[in-house]
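Only one structure is covered here, and it is reproduced in the block below.
Model, not experiment: these values are computed from the prediction. Start at 1 and go down the list; that is how both ligands and their atoms are numbered.
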Amino acid sequence: MSEELKKLRDDHKDFLGDNLENPPLCPLSLFSDWFDAAVRGQELESNALCLSTVGKSGIPSSRIVYLKEMKEETFIFYTNYNSKKGEELDQNPNATMLFFWPKLQRQVRITGLVSKISEQDSDAYFSSRPRESQLGAWASHQSEILHSRAELLSRLTDLAVQFPSDVPRPAHWGGYALLPSEMEFWQGQPSRLHDRVVYERFANSWRTIRKNP
Ligand SMILES: Cc1cc2nc3c(=O)[nH]c(=O)nc-3n(C[C@H](O)[C@H](O)[C@H](O)COP(=O)(O)O)c2cc1C
């Protein structure tokens with residue numbers, strides 16, 4: 001084991017977060033409050049989340065993506081629809097998002113079904129991106145084998161010539177929205193007696209339960 005990992009293993013730090021004594025009825029409002037607190041608390045990459053998907057292989061895969069919007073109870077991120085995550089979501093729309101805000105000792109797990117957002121909404125977001133990112137979305141055949149970095153850069157140069165002004169959105173790039181069926185809020189507490197509050201969608205409302213830490 002590395003010395004650094006050993007130091008972390010032996011650091012039995014205590015958690016002293018706010019408690020979740022009276023959780024609100026709606027997990028989306030609690031999420032918004034926690035998200036705003038993470039931004040205000042200058043968490044690094046507050047809107048980065050770990051997205052886990054499982055395709056037909058049954059083997060889970062995870063990666064970080066950015067939360068770009070919350071709309072009508074959904075959590076929206078953007079990516080290449082032909083990527084590994086895109087393929088897996090085609091095969092199985094169930095996914096989990098995990099946020100970790102270490103300064104606040106908070107974790108939120110959101111599970112639900114993912115679907116593509118409308119082409120108009122993807123167009124609107126794509127057009128708001130810097131030109132370099134727009135060209136990058138065309139240049140990167142995300143998740144496919146790349147033989148050299150030079151190959152990618154040469155594609156980018158060609159694309160800059162092909163699209164001298166406006167860059168259209170590639171059909172294979174756009175947004176996904178996850179509609180939560182379950183949201184779990186974890187708040188670090190002293191003596192490892194952490195708070196875990198789970199919201200399960202039930203009819204048109206939410207049922208709240210607590211779980212042992
Ligand atoms: C901080 C951070 C933010 C990222 N944001 C995105 C994103 O919003 N969309 C995206 O497609 N990839 C994003 N990535 C790259 C992904 O983690 C991943 O490498 C890529 O989407 C390919 O994943 P896949 O092959 O599993 O589909 C981000 C990576 C990091 C570290």
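With hydrogens left out, the protein atom closest to atom 6 (C) of ligand 1 is Val65 CA, 3.6 Å, a heavy atom.
Atom 16 (C) of ligand 1 has its nearest heavy-atom neighbour, among Leu51, Leu89, Leu44, Ile64, in Ile64. Scanning Lys68, Gln142, Glu88, Lys84 for the heavy atom closest to atom 20 (C) of ligand 1 points to Gln142. Distances from atom 3 (C) of ligand 1 to the heavy atoms of Tyr66, Trp173, Tyr176 show the closest one on Tyr66. Here atom 21 (O) of ligand 1 lies nearest to Lys85 when heavy atoms of Lys85, Arg63, Glu87 are compared. Of all the listed residues (Asn47, Leu49, Thr79), Thr79 holds the heavy atom that lies closest to atom 10 (C) of ligand 1.
Look at Glu43 and Lys103 and you find no salt bridge, because none of the NZ, NE, NH1 or NH2 atoms lies under 4.0 Å from a carboxylate O.
Taking the centre of each ring, Phe99 and Trp34 stay at or above the 6.0 Å mark. Checked against the 6.0 Å centroid criterion, the rings of Tyr176 and Tyr81 qualify as a close aromatic pair.
Side-chain contact check for Thr79 and Lys85: at least one donor-acceptor pair (N or O, by modelled atom type) lies under 3.5 Å. Judged purely by distance below 3.5 Å, without hydrogens or angles, the side chains of Arg109 and Thr111 never pair a donor atom with an acceptor atom.
For atom 26 (O) of ligand 1, a protein heavy-atom neighbour is present inside the 4.0 Å cut-off.
With a 6.0 Å cutoff to the six-membered ring centre and a 45° limit on the axis angle, Lys68 does not count as a cation-pi contact of Tyr125.
Below 4.0 Å from some heavy atom of Ser143 lie the following atoms of ligand 1, by number and element: 24 (P), 25 (O), 27 (O).
Legend: residues meeting ring-ring contact (aromatic ring centres under 6.0 Å, His included) with Phe100, ordered by chain and number and at least two apart, are absent.
For Tyr78, the closest heavy-atom approach to ligand 1 falls below 4.0 Å.
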